[in-house]
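Let me begin by presenting the structure, written as structure tokens, before commenting on it.
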Amino acid sequence: MKLHWGPVSPFVRKVMITAHEVGVVERIELVRSFVAMNQANPAVMAHNPLSKIPTLVTGDGTVLFDSDVICEYLDQLGDHPRLFPSAGEPRWTALRWSALGSGFMDALVLWRNERMRPDGHQSMPTLQAYSQKVDATLAWIEQGVDAFGARPFSIGHVALGCALGYLDLRFDDLNWREGRPRTAAWMRAFMQRPSAQSTHAEVADKLLPPTEQKTG
């Protein structure tokens, strides 16, 4: 398998954590692919017309994109506890938290891009709206993370960890842990997982590009 990959995308990290958790990371060739909102990448577009990462090309040439689709595909490979529960309340809970984490990442990438605009070109209503959304999301997580954290590890945990990791990577000025002890404790435990440590190193040791595309 080949994965169009970038070192700082939280959506790529979600796929890579999944690959580590299900034991298929050695079967994936990483193809460094830069994408941006204002620049199409022809090499990526040859497989994904949206020019977004992650994009996976499977062994038989099938192309999959959107991180959730790729993660669920990888979850079907091999014999391991499923990150995507098959049915019932466990499945809907995992998917709800996965949607929250992925939506949180979407908001953070867009918020960061707005914050990086030159002075005089930023939209203050947009900045304020994203600030409110981030605060509300963190409050929602703080309220429910203890109960969710006690559940078997799932794609919801992966997405949540990647979103909080992106906060650490790009928004260290927010000090998001202050006043949120349960979420901070959950993140400390998450970062003890080998999959989280391996993918964190892939991010921290790379030269960070100035912008990322909103990817999914």
For residues 129-141, dump all side-chain donor-acceptor pairs below 3.5 Å to protein atoms at least two apart in sequence or in another chain.
residue, atom, partner, partner atom, Å
T137, OG1, K133, O, 2.8

* Asked: With a 3.5 Å cut-off and no angle check, do the side chains of H80 and D75 form a donor-acceptor pair?
  -> yes
* Can you check side-chain contact (heavy atoms from CB on, under 4.5 Å) on S102 and D68, steps first, answer last? -> CA-CA 9 Å; S102 295; D68 287 325; 4.0 Å; yes
* To do: Answer yes if L110 and F104 sit in the same cluster of Ile, Leu, Val, Met, Phe, Trp and Tyr residues linked by side chain heavy atoms under 4.5 Å apart, and no otherwise.
  => yes
* Kindly check if the number of other-residue, nucleotide or ligand heavy atoms within 6.0 Å of CD (E178) is above 12? => no
* With R96, which residues qualify under salt bridge (charged side-chain N to carboxylate O under 4.0 Å, His left out), at least two apart? -> none
* Are W92 and V158 connected in the hydrophobic side-chain network, where two residues link if heavy atoms are under 4.5 Å apart? -> yes
* Distance-minimising heavy-atom pair for Y73 and M1 -> CE2-SD, 3.9 Å
* Looking at residues at least two apart in the chain, or sitting in another chain, which of them share a salt bridge (charged side-chain N to carboxylate O under 4.0 Å, His left out) with D173? -> R115
* **R91 NZ/CZ over F84 ring centroid, <6.0 Å and within 45° of normal** => no
* To do: Assess whether side-chain contact (heavy atoms from CB on, under 4.5 Å) is satisfied between R170 and V8, documenting all intermediate values.
  => CA-CA 10 Å; R170 292 306 207 195; V8 296; 4.0 Å; yes
* Taking a hydrophobic cluster as the set of Ile, Leu, Val, Met, Phe, Trp and Tyr residues connected by side-chain heavy atoms closer than 4.5 Å, whether directly or through intermediates, do V69 and V44 fall within one such cluster? -> yes
* To do: On the 0 to 90° scale, with breaks at 30° and 60°, tag the W111-F171 ring pair as parallel, tilted or perpendicular.
  => parallel
* Within one Ile-Leu-Val-Met-Phe-Trp-Tyr cluster: V12 and V31, side-chain cutoff 4.5 Å -> no
* **Closest approach of G161 to R13 (non-hydrogen atoms, all atoms of both residues)** => O-NH1, 4.3 Å
* To do: Could you tell me which non-hydrogen atom of P90 sits nearest to which non-hydrogen atom of P85, and how far apart they are?
  => O-CG, 3.6 Å
* Structure fact -> Residues at least two apart in sequence or cross-chain that pass salt bridge (charged side-chain N to carboxylate O under 4.0 Å, His left out) with E89, listed by chain then number, are R151
* Cluster question for you: counting only ILVMFWY and a side-chain heavy-atom cut-off of under 4.5 Å, with indirect links fine, are L100 and F153 together? -> yes
* Over 12 non-hydrogen atoms of neighbours within 6.0 angstrom of CD in Q122 -> yes
* Listed by chain and number, what are the ring pair (Phe, Tyr, Trp, His ring centres under 6.0 Å) partners of F148, not counting sequence neighbours? -> W97, H157
* Structure fact -> d(M124 CE, E114 CD) to nearest 0.5 Å is 9.5 Å
* Could you tell me whether E142 and R180 have a side-chain N and a carboxylate O separated by less than 4.0 Å? => no
Less than 3.5 Å apart, which donor and acceptor atoms pair up between the side chains of residues 54-62 and the rest of the protein, not counting sequence neighbours?
residue, atom, partner, partner atom, Å
T55, OG1, N48, ND2, 3.0
T55, OG1, K52, O, 2.7
T58, OG1, D60, OD1, 2.5
T58, OG1, T62, N, 3.2
T58, OG1, T62, O, 3.3
D60, OD1, T62, N, 3.0
D60, OD1, T62, OG1, 2.8

* Test applied, side chain to side chain donor-acceptor pair (under 3.5 Å); reference residue, S195; option that passes from H20, E21, H200 -> E21
